[in-house]
Structure formats: structure tokens, C-alpha cells
Amino acid sequence: MAKDVIIACDFAGAAETYAFLDRFPEEKPFLKIGMELFYAEGPQIVRELKARGHKLFLDLKLHDIPNTVKKAMRVLSNLDADIVNLHAAGTRAMMEAALEGLTRPDGSRPLLIAVTQLTSTDQQRMEQELLIEKPLDEVVLAYARNAAAAGLDGVVCSPLEAGKVHAACGAGFLTVTPGVRFAEGEKGDQKRVTTPAEARALGSDFIVVGRPITQAADPLAAYRRCVKEFLG
Ligand code: C5P
């Protein structure tokens, strides 16, 4: 799939989401739906956005025993999302089961990517609460390698990690990267950020951009600027 800008639709409900999308008369942006919107509106929001012609990253971060994840992925594959995800911490067996569940009888399937360590987990919490004592960036790369070995298509990571992930897992292994801000923009709660142009230079395959577009005075102009900076 070609490189693209994905808008994080972190909205509480369908009405708010459609009101936002009404501001895009020409483009059909690639959208990300997370737990908040999915749990509020259910699978219908996915069907509706697909019917409107959007590509969709369904960011539900599955993590359970392999059989449960496999069956859940089978259901998600019927929803026709373009990208779905899970936690690499579920182990290789879970990731392989997920791929099996996701693959349709005709062999097609959505792309499947893994969350390595959440960016909200820092070294100290990982050591003290998860009892993982290796350096965080080593853990992220090891989880990315597990995901690649299980046959997944990529990982969610920071643009700052995209180069290392590609070096470890291959240039074709996708890096889907949040933490993107315009040069003069508010960082909000994101700490390690890059601009869309920097993300491009670092080799990100997809940037996930939320508030710099959704909270902009002119979301359409902000989206177009992102696309221009990231895709050139
Ligand atoms: O508003 P903002 O651009 O920070 O939104 C980024 C999006 O990417 C949010 O939906 C957030 O949940 C998601 N995300 C992230 N960091 C991760 C994984 C997902 O910011 N490590």
C-alpha cells in the first residue's frame, strides 16, 4: 500500500466524526478509528466509513490467548478494514493465530501490524512493573523482529525508530508512526515528535496525525499541508 497520511479520528461518536469529515469535500483521507469511537458506535461506523470510500486503520490493539484473537480477527476481516493491529506482547503464537484468523478464504486479508511497547511505557515502569530489564529500544526492536518472524506486515513506532526497524526487519516492513507535529505546533502530550517532512526523511511509511488536523482552525488546510510535507 502506498505511503499516506492517516487521520486519527479520536472522536466520541459518529455525529462528530461525520461533521469533521464533511469538511473534506474532495479528498477521501485514510482514517484511523480507535477504541473510543469503535466502542461507542460498534462495527457500523467501520462499514459506513468504508462505504463512503475511506481507507481505514482499525486500531483496536488486540491482546488475548491465540484462539480468541484468531476468532476476533476473523470477525474483523469481514469488516474490510485496511489495517488492523495487536500487541506484540501477546507472543508469536498469538500473532500467527491472528494472521490465520484474518486471512479470508480467497487468501486476501487486511494488513496486520503490531504495537511493540506503548509510548506511555518508560524504562522505569517497564523494569519495575513488567520486570523487563533490557533497554527499551532493544525491547522495541526485539518485538518488531518477533512480529516480522510471525509474518506481520509492520509495527506502530515513533518516526525516530523507523530507520532501526527497517534495518532490523527489512525495508518492506511497514512503520506506522504517530507523534507527528507541525514545526510551530503544540506538542500536547506527545514527547518525542517529528514534523511530517522529518518523518518522510526518516523513512516512515504512514504517519498517524490526530490533533494537528482534528483541532486545527482549518482541518482541510492542515491535512493538505501534512500530505504535501510527507508525500512531497
Ligand atoms: O493527536 P495525536 O496526533 O497525538 O494522535 C496520535 C494518535 O496516535 C492517537 O490516536 C494515539 O492514540 C495514537 N498513538 C500514539 N502513540 C502510540 C500509539 C498510538 O500517539 N504509541
Side-chain angles (χ1 to χ4, degrees), residues 1-18 20-21 24 27-64 66-90 94-116 118 144 147-148 150-157 172-178 180 204-210 213-214 223 226-227 230:
M1 210 185 299
K3 292 192 177 213
D4 210 344
V5 173
I6 302 178
I7 304 180
C9 288
D10 294 323
F11 299 117
E16 228 182 300
T17 307
Y18 298 143
F20 170 75
L21 293 174
F24 295 77
E27 290 92 339
K28 288 284 178 196
F30 202 132
L31 305 176
K32 177 173 92 74
I33 293 186
M35 291 184 219
E36 182 187 13
L37 189 53
F38 189 79
Y39 291 155
E41 300 293 345
Q44 192 49 33
I45 185 92
V46 177
R47 295 191 190 100
E48 175 65 29
L49 292 173
K50 284 298 293 184
R52 289 178 177 220
H54 294 277
K55 289 210 173 99
L56 222 62
F57 170 17
L58 194 49
D59 180 18
L60 299 180
K61 300 188 178 73
L62 277 69
H63 187 177
D64 207 317
N67 186 52
T68 300
V69 169
K70 177 176 163 181
K71 290 197 290 182
M73 286 294 185
R74 184 157 295 148
V75 177
L76 292 185
S77 80
N78 292 332
L79 285 182
D80 203 24
D82 298 276
I83 306 179
V84 297
N85 67 353
L86 46 64
H87 274 282
M94 188 199 80
M95 293 192 267
E96 287 167 357
L99 264 186
E100 221 182 299
L102 207 55
T103 305
R104 304 180 187 107
D106 68 359
S108 68
R109 62 169 176 82
L111 294 174
L112 180 60
I113 63 175
V115 174
T116 54
L118 291 169
L152 268 66
D153 303 294
V155 288
V156 181
C157 64
F173 192 69
L174 300 175
T175 53
V176 178
T177 66
V180 173
S204 288
D205 295 292
F206 292 89
I207 52 172
V208 176
V209 188
I213 295 174
T214 58
Y223 172 71
C226 260
V227 169
F230 183 61

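Being a predicted model, the structure only gives us computed values, none of them experimental.
Of all the heavy atoms in L112 and A98, the pair that sits closest is CD2-CB, 3.9 Å.
One finds the CG atom of D205 at 11.0 Å from the CG atom of D153 (value rounded to the nearest 0.5 Å). In this structure, the separation between CD on E36 and SG on C9 is 11.0 Å, given to the nearest 0.5 Å. Rounded to the nearest 0.5 Å, atoms CG (L49) and CD (Q44) are 9.5 Å apart. Note that OH of Y223 and OG1 of T214 are 14.0 Å apart. Values are rounded to the nearest 0.5 Å.
Counting non-hydrogen atoms of neighbouring residues, nucleotides and ligands closer than 6.0 angstrom, the NZ atom of K28 exceeds 12 such neighbours.
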Listing, residues 77-90 side-chain donor-acceptor contacts under 3.5 Å, not counting sequence neighbours, or none:
unit_1	atom_1	unit_2	atom_2	d
S77	OG	R74	O	2.9
D82	OD1	K50	NZ	3.4
D82	OD2	K50	NZ	2.8
D82	OD2	L56	N	2.8
N85	OD1	L60	N	3.1
N85	OD1	K61	N	2.8
N85	ND2	D59	OD1	2.7

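A 4.5 Å side-chain heavy-atom check between V115 and V155 finds every atom pair outside the cut-off. By the 4.5 Å heavy-atom criterion applied to side chains, P66 and E96 are not counted as neighbours. Looking at heavy atoms from C-beta onward, F11 lies out of side-chain contact with L21 at the 4.5 angstrom threshold. Looking only at side-chain heavy atoms (C-beta outward), V156 and P178 come within less than 4.5 Å of each other. No side-chain heavy atom of K70 sits less than 4.5 Å from a side-chain heavy atom of M94. Put simply, the side chain of L62 reaches to within 4.5 Å of the side chain of L76, judged on heavy atoms. Side-chain contact check for L99 versus M73: every heavy-atom pair is 4.5 Å or farther apart. When side chains are defined from C-beta on, V208 does not count as touching V180, because their heavy atoms never get closer than 4.5 Å.
K3 places a side-chain N or O within 3.5 Å of a backbone atom of S204 that can act as its donor or acceptor partner. A distance-only check finds no donor-acceptor pair linking the side chain of T68 to the backbone of D64 [under 3.5 Å]. In this structure, E41 contributes its side chain and A14 its backbone to a donor-acceptor pair below 3.5 Å.
Taking the ring centroids of F206 and F30, they lie under the 6.0 Å cut-off.
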